[in-house]
Amino acid sequence: MLHKIKPAEIEAEADASLTRRGFLHAGLAVGGALVVGFHLPLADAAPAKAPFAPNAFIRIDRDGKVTLIMPQVEMGQGIYTACAMILAEELDAAFEHVAVEAAPPSDKLYANPVFGIQVTGNSNSVRAFWLPWRKAAAGVRAILVQAASELWKVEPSGVRTENGAAVHDASGRRLGYAALLDRAQGLTPPKDPPLKDPKDFKLIGKPLKRLDTPDKVTGKAVYGIDAMPPGVKFATLAACPVFGGSVGHVDDAKAKKLPGVRQIIVLKDFVAVVGDHMWAAKQGLHALDIAWDEGPHAAISSEDVWKQLRAASKTEGAVANSVGDVAKGLAQGDLMEAAYEMPFLAHATMEPMNCTVHVTPTTCEVWVGNQVCSRVQAIAAKVTGLPLDKVTVHNHLIGGGFGRRLEVDMVDSAVQIAKQVDGPVKVVWTREEDMQHDVYRPVYRDTLSASVANGRIVGWKHRITGSSIIARWLPPAFQKGIDIDAIDSAADIPYDIPNLRVEYTRDEPPAVPTGFWRGVGPNNNVFAIESFMDELAKKSNKDPVAFRSDLLGKSPRLKAALELAASKAGWGSPLPARTGRGVAAQISFGSFIATVAEAEVDANGDVHVHRMVCAVDTGIVVNPDSVIAQLQGGLIFGLTAALYGNITIAKGRVQQSNFNDYRMLRINETPQIEVHLIKSGEAPGGIGETGATAAPPALGNAVFAATGIRLRRLPIDRDVLSGKKPS
Amino acid sequence: MISLRINGESKDVDAPPDMPLLWVLRDILGLTGTKFGCGMALCGACTVHVDGAPVRSCLLSVGSIGQRAITTIEGIGATPAGAKIQKAWLDLEVVQCGYCQSGQIMSATALLNGTPHPEDSDIDAAMAGNICRCGTYVRIREAIKHAAQN
Amino acid sequence: MNDSPKTGGAGRFVLIVIAAIFAVVLVGFLWMAVLAPHPMDFAGGPHVALAEYHGDDPTGVPAELKGASLIERGQYLARAADCAACHTTEGGEPFAGGHAFVLPFGTLYSTNITPDKETGIGAYSDANFLDAIHKGIAPGNEKLYPAMPFASYTYMTDADALAIKAYLFSLKPVHAPDRENSLSFPFNQRSLMGVWALLFNADKRFEPRSARDAQWNRGAYLVEAVAHCGECHTPRNLMQALNHREKFAGTVQAGWRAYNITADANSGIGAWSEADLAQYLAMGHADGRGTAAGPMGEAVDDSLRYLSQGDIAAMVTYLRSVSAIATSDLPAPKAGAAPASHAEGVAANVDARGKAVYAGACAGCHDWTGVSPVVPNATLTGVRSVNDPSAINVVQVILTGAHGHTNAGTAMPAFGGAYSDTEIASLANYVTARFGAQPSAVTAANIAALRAQD
Ligand code: FES
Ligand code: FES
């Protein structure tokens, strides 16, 4: 997405040179350890204007232990391991001696080059830090070599490094990095340290074991919800079930009497109960008699939301991309029009929202697992009125992010509660609260029209209508009415189309808060585009794979992925009755992916997914096993949404509450999944969200192949497939 | 005071008898390896063993347990099947965010104890109650079979 | 048309038919109305007017409350009579009405019985109130529909009825105009309800059975005059009046099956111990018998759980004296748990999709044995609903859940929102096959029909 941050693009280009000028310099050691920083010129390019400043990533202890101070959070994507591999690679450190430490909050030091703030998201950790991390490590290696050559009085060229040591072959001398720290201290790394040629990579590209998993199979891993500062109390809360409502009157007579209930805290829009443990807090909350002031949205229903969105989708949008003459294009050939609709979705991370806070008159300490560490610190400072440097944030492993933890609402409420509690308090949301007070993947309506002539698309018009999350979340990036996320993978559609126009019409749903959700913009765009491509293939009487492939002349990498996926999936080979194959192709997050789904639709309209085959070219792969895992998981995440995901609104509130009515795919519904990696020397692409984006269109197209019924709304409506409802 | 046998040790806890074991483990005893996911026996994140059987601790009132042996993720590695499963989980790199995995491992261990060579249908029956939002199901199935072979 | 001899013959024939029909109707009428037994006739023995009865007064409030204020006594009785159940709508103000009764011939809405002068009963005199309770007649001679169980309440003493009135009048008036009923002709003719009442409402106060002890008579008063158990558990005749010939034999109401609560050992509660019954009424659950859900769950939550132990015991005594009637399609509940192994205990021909849903959504709490390892209320062994081959209540609980207040926190959530009709049908069939005496054969269409009712 980097290249698509419009306002920053120009600078980003300019910065290419800057990047080359990017230099490393050794800073002063902390506790005798060598700390090396580097600056991220790209940060200047980012919309939020992170200030130019060096930051600290690598620490080498006296015992030779290399610690990587990790700006990105681990939420299952394997980034700790990937990052450690990249650094160990260029540093020639012994991988088993590399440790990872979560970085403290600081946009100054740890800004994500793409966003200019400290954020883990948009599947860009490896993409964004690939070069900076390598240069940082290579720079350190260079000064260690220099130190060794000075010590041994030999030419630096004669000194090589391996496994955490400098080696002089001529004299057979060898010294571990630890022994070189004093000399390396204060040395200035070369301006542009040489980077390894990928063919010399020893670690990158190997399926190394992940650093974070051993503790996760023994229960030792500590997530935010596991933080246990001494003397901690436990709280849970209830916000007004109606969006935008507030607390009216609270009768706490019964709750106060319950054993273990310590405090009942009534705030503007939520009520919290503090107790000796979560059970007491839960019982206390249950015993409260709360009258809510439901506010202006008490009548909103899903019908209102869709009415508004459909109306908005009829209005012209801001142009995100325009090629040729779309009117002329649409005038030729057979015209086809379709609209696709995506529902609200909850994140339902397995670790419910939680945050532990200790507020004193002069300090605030926060324990949480969050994707935007510096925003955590900022909101805590705002709520407490303390200066930033008085707020300490301990970021933790995350039990599922998927975009939910790009928000800090759970920190905001926890700090408000903690301000009234003497000592630390852990605020844990119930699953019901988590589900009914999420920031939801917005409803989207994508309207497409295209015309085909001789099996090729001659005109293409795509209007995306929906909420702009960017406008709320990163205002500087929202320019000229374009939400760079909402149009992602649509404005840059991979197919050769001579006349094309892609528009974005912003429409904020009434009452319901919206947020990033695994797959973000591409999630809705790829579903709409790839479903429509299938409809166009049908209209042109062409095979869906051939139809796409013929239009991928300019995207050889995607074409290759498409052909590989098709052959691995046995595309075209016969299938049992009511069973079909569907394909989807996409370039998203810098990865080139093709997916084939094989699904059966029984007479009752229930869908049974048998097999998913995925081929991906994601450039240089740091850890292939993590990439495969991310695609397996992402596809299941996407299938869950396509089959079941639907948050509905009635009387201004979310109707779903727990896994009984917000359904998750389970192991006995999970298809066989095959992922095929395509070797590539290109820069790494993002992978964490791609599977979630790939599954829904592939499945929808498989359902069409199986039944002849085209579903243009998600989730899949089994009543339509069973013939109970018209499609 | 309620006395419990957890991972071979006996513990006295001051808790109301209707308090679910989950919160006793996490909030009173600090055994945070057992996770809270739904509180309604819908997700399996809180699974522990009571006399070897997998049980959802989020609904199990602590007063109803008596002297039956409780095993949690912190203790399961000490059992042969538990150790096997944990090793298989690492060999096949099952884990992603890991939050559901304590429960997955407890359910899988119970399965292996009762059915040393599980078929797919046994895995479905034993594991379908454990949700993994990260979608590690494919590897969970492989890892259980892998553990059964070694 | 021309007048041929034939027509005369035809005319005679028509007359005979009419006469025959008339005779049948007359007999049916005598059978349904005039000769119909009263709720307590099964007990036999002499009955005396309350005044002549020498045992302790079976009416009023239990001894514990004798000294309580009129309003407190009224509250106890209002709860025992469960006025709230029908006169409160979900999420609405208590007693403000608006609860819908969906009937084959239209929808009926309960009325506002808060003391609001304009829209409630604030303007009622004592006489007005008694007429409504005993005769089903509202001020202005407006005839009430028998959805208001006045044919049961009619046995309530004036004193108790007026205590309830005093309680209702102590509540905050709520301005809530009655909702328009949507009934088709002829059911929209209220005057006809007067005829109905004439035929089917005894309009008599409670008369103790002198041959029975005080406990039994107290139970009889509570069950018949106040708690009106028969209104759900006794089948109705063509005219929608309770048919006491099949007293407590069970019937389907509002999409739920009110089970046989006669002494029949297999299909009724004959096999239940007194303790089972008492626990079920007071707590909504009895181990090995089941947990109240749906309308019975509401009855426990809003009414029965507030009754004194003595009153529950009295109701139990009375209920157990009701003569046994067998319900042919209800087998004796299967004794014993299902096998621990998922692979055993269910015939191979049972739809596998039910098992798949059970494994994911149900087994965590209900286990493969049906004996819940976590929540006693969730144990399925021996429970009537899973031993009902119609599976109607199993389906309802799956669709809408079970939310007893007496077991807060461990209520069963509703699965209707996320599972398809086929999935729920297969699940119900799997559950009855695995845990019940006889498998059900519910179809997706049945589920759709029940959803339509909720
Ligand atoms: S937390 Fe117990 S099953 Fe989900
Ligand atoms: S590993 Fe993240 S929920 Fe299972």
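Here is how names work: the chains are called A, B, and so on, in the same order as the sequence lines, proteins then strands, and each is numbered from 1. As the structure is a computational prediction, the values presented were derived from the model and not from experiment.
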* Do the two ring centres, one from C:Trp368 and one from C:Tyr358, sit under 6.0 Å apart? -> yes
* With a 6.0 Å cut-off on ring centres, are A:Phe637 and A:Trp517 close enough? -> yes
* Proximity breakdown for A:Asn658 and chain C, heavy-atom pairs closer than 4.5 Å -> neither
* Does C:Glu93 come within less than 4.0 Å of C:Lys172, counting only side-chain N to carboxylate O? -> yes
* A:Glu341/A:Arg713 salt bridge by N-O under 4.0 Å criterion -> yes
* **Proximity of residues 717-725 of chain A to chain C, residues having a non-hydrogen atom under 4.5 angstrom** => A:Arg718, A:Lys724
* Structure fact -> Ranking A:Arg666, A:His608, A:Glu669 by heavy-atom pairs under 4.5 Å to chain C gives rank one to A:Arg666
* Which pairs count as salt bridge (charged side-chain N to carboxylate O under 4.0 Å, His left out) when at least one residue sits in residues 352-371 of chain C, sequence neighbours excluded? -> A:Asp602-C:Arg353, C:Asp351-C:Arg353
* **Test item: A:Asn668 side-chain N/O and C:Ala356 main-chain N/O as donor-acceptor pair under 3.5 Å** => yes
* Answer yes or no: is there a donor N or O on one side and an acceptor on the other, between the side chain of C:Asp302 and the main chain of C:Ala84, under 3.5 Å? => no
* For chain A, the option from C:Ala444, C:Gly417, C:Ser420 that forms the most heavy-atom pairs under 4.5 Å -> C:Ser420
